[in-house]
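Take a look at the structure below.
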Amino acid sequence: MDEQTQERAFLPYEQGSYGISDGRGIGLGLNICKQLVELHGGALTVQSEPGKGSVFRFDLPLASSAISSLPQHSLHHGQKTDEAEAGLIFSDNPYGFVPSAEPDPHPLNGEKVSILAVDDAPVNLNVLVGILSTEPYSVTIAQSAQEALELLPTQQWDLLIADVMMPQMSGYELTQKIREHYSLSELPILLLTARSQPADIYTGFLSGANDYVTKPVDALELKYRIRALITLKQSITERLRMEAAYLQAQIHPHFLFNTLNSILALSDIDTKKMRELGDALASYLRISFDFLNTKELVELSHELELIETYLYVEKERFEDRLSVVWEIDSDIDLLLPPLTIQPLVENAVRHGLLKQSRGGTVHIRIVRQDCSTLVEVIDDGKGMEQEKVLQLLSPPWDKKGGIGLSNTNRRLTQMYGQGLSIRSKPNEGTTVSFVIPDL
């Protein structure tokens, strides 16, 4: 280092500000190291020459005399001198975490909580993992923004924590890319950085971050901010699941009344069919009100049973106007979010096929792919324009009904990072599909 760099080596500043070739810079480490040494009554110095290397040197008083030499401002209010010694032995602490009382343990709805932490400095990640080791979280680390993007589709994440200043792709850029696929509620993002100017904070929120914490940060504050964001994510997820179950429970009156009329009509001409249709309707209602519909995942068989009873009732009512084709791989053993295929099938029948006087065919296709399962609902009904497709996936907030597909799309996006794909042409039909990755 030249003399100018040596003079500023111990100053806190953002990474890469000196044009270091790999974009890493010196960061906060030397500044915090200097503070720690001085808090112990020592001094940290550097001798360096360009092209020849550097020597960092510090001295520390013996433990018996170190405590008495500690400056008064290093002690917390109400803290005894011997407590200060125990609280200042964080030798690797680039975040400057201050040890504090632990928050009360909590179950977080009893669900597995997964956090993805991104930082180009391994020691920073180690400190963060250590801070969260007492919390009920599963923390996965990534040492670059690109690695984080590759990890995102591999599982469901409850929170992403990212350092702002990273080489190749900053935390701001990473946040913007994530927001192309995940909303603020679907994947909360917490940014950590030493940059604390208002413009930096504005940039973080404009990029799509949910929260922004400047370094050095208090460990307890960080834990509570993380908890608040995870609670937000879980409450949104729970609301979407309950919304889906509520929508399914709101049986369409015309469907119910017309089915009951069909049962009454069959009582005079075919009592066997009457009983079969009555049993199918009872099964459909039982599954529609099943508490399993509020769970995070259900077996594929549960979803298919609901679809089969629904299609049986509709085929009995409309006879030749409705044809059904099943294509399901025999070796599929799948868990999926409840009420994800049923709304697609019902939408295809009600709004695609039965809007035509001739009716048509609905094709349910569930097949294995490389590392995933493809679910498709295909109909040869009336189809629709692309503008209508966009409205189905993102209806206006004040729309009174028709939010079944939107709910399904949002739940799939939250869980797998991608939602529904819809291909449609007027008078040709519609294909709605989604992919469930192997986890």
Side-chain angles (χ1 to χ4, degrees), residues 244-290 292-293 298 300-328 338-366 375-384 388 392 400-408 420 422 424 426-433:
Y246 172 80
L247 290 172
Q248 181 61 33
Q250 304 306 299
I251 308 298
H252 198 279
H254 291 298
F255 170 80
L256 184 59
F257 295 151
N258 290 337
T259 304
L260 291 174
N261 286 334
S262 297
I263 292 173
L264 290 174
L266 286 171
S267 65
D268 294 329
I269 57 177
D270 193 331
T271 55
K272 181 181 178 181
K273 273 194 172 184
M274 177 197 73
R275 286 194 298 271
E276 291 173 347
L277 184 57
D279 290 342
L281 177 61
S283 295
Y284 177 77
L285 294 175
R286 173 181 56 80
I287 302 171
S288 294
F289 298 139
D290 198 317
L292 283 176
N293 294 334
V298 296
L300 176 62
S301 58
H302 175 82
E303 187 80 358
L304 293 181
E305 185 181 2
L306 177 62
I307 297 169
E308 288 170 354
T309 56
Y310 168 75
L311 289 175
Y312 180 88
V313 170
E314 293 290 56
K315 189 163 177 56
E316 285 297 315
R317 290 177 55 204
F318 296 100
E319 298 182 335
D320 294 340
R321 288 184 62 199
L322 175 61
S323 298
V324 180
V325 175
W326 295 90
E327 182 185 350
I328 302 177
L339 304 173
T340 46
I341 307 177
Q342 160 65 18
L344 310 186
V345 173
E346 188 167 339
N347 192 72
V349 172
R350 290 177 54 192
H351 302 294
L353 303 180
L354 299 182
K355 292 292 184 179
Q356 303 176 134
S357 58
R358 61 177 177 84
T361 300
V362 59
H363 182 177
I364 296 100
R365 182 168 179 259
I366 306 175
V375 178
E376 286 186 316
V377 176
I378 308 162
D379 71 73
D380 56 0
K382 60 179 293 188
M384 55 187 153
K388 178 64 175 178
L392 286 175
K400 296 297 184 181
I403 61 173
L405 289 186
S406 172
N407 176 281
T408 302
L420 297 175
I422 301 180
S424 186
N427 304 317
E428 293 187 17
T430 301
T431 297
V432 184
S433 62

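Values reported hereafter were calculated over all heavy atoms of this structure, with side chains retained and with hydrogens, waters and symmetry mates removed.
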Requested in this report: Measure the NZ-CG distance between Lys272 and Leu277 for me, rounded to the nearest 0.5 Å.
Outcome: 14.0 Å
Query raised in the report: Phe318 versus Val349: any side-chain heavy-atom pair under 4.5 Å?
Result: no
Query - Nearest non-hydrogen partners of Gln356 and Asp380, listed with the distance - result: NE2-O, 3.6 Å
Query raised in the report: How long is the span from the CZ atom in Arg365 to the CH2 atom in Trp326, to the nearest 0.5 Å?
Result: 15.0 Å
Query raised in the report: Does Glu303 use its side chain to pair, donor to acceptor, with the backbone of Ile341 at less than 3.5 Å?
Result: yes
Query - Spatial distance of atom CG (Leu339) from atom CD1 (Ile307) [nearest 0.5 Å] - result: 9.5 Å
Query raised in the report: Which heavy atom of Thr408 sits nearest a heavy atom of Pro343, and at what distance?
Result: OG1-CG, 3.8 Å
Requested in this report: Taking side chain to side chain contact (heavy atoms under 4.5 Å, CB included) as the test, write out the residues that go with Met384, two or more places apart.
Outcome: Lys388, Val389, Leu392, Ile422, Ser424, Thr430
Query raised in the report: Is there a donor-acceptor pair under 3.5 Å between the side chain of Arg321 and the backbone N or O of Leu353?
Result: no
Requested in this report: Please round to the nearest 0.5 Å and tell me the distance separating atom CZ of Arg350 and atom CG of Asp379.
Outcome: 14.0 Å
Query - Results of side chain to side chain contact (heavy atoms under 4.5 Å, CB included) for His351 - residues two or more places apart only - result: Asn347, Lys355
**Report entry** From Gln342 atom CD to Tyr310 atom OH, the distance as rounded to the nearest 0.5 Å
**Finding:** 7.0 Å
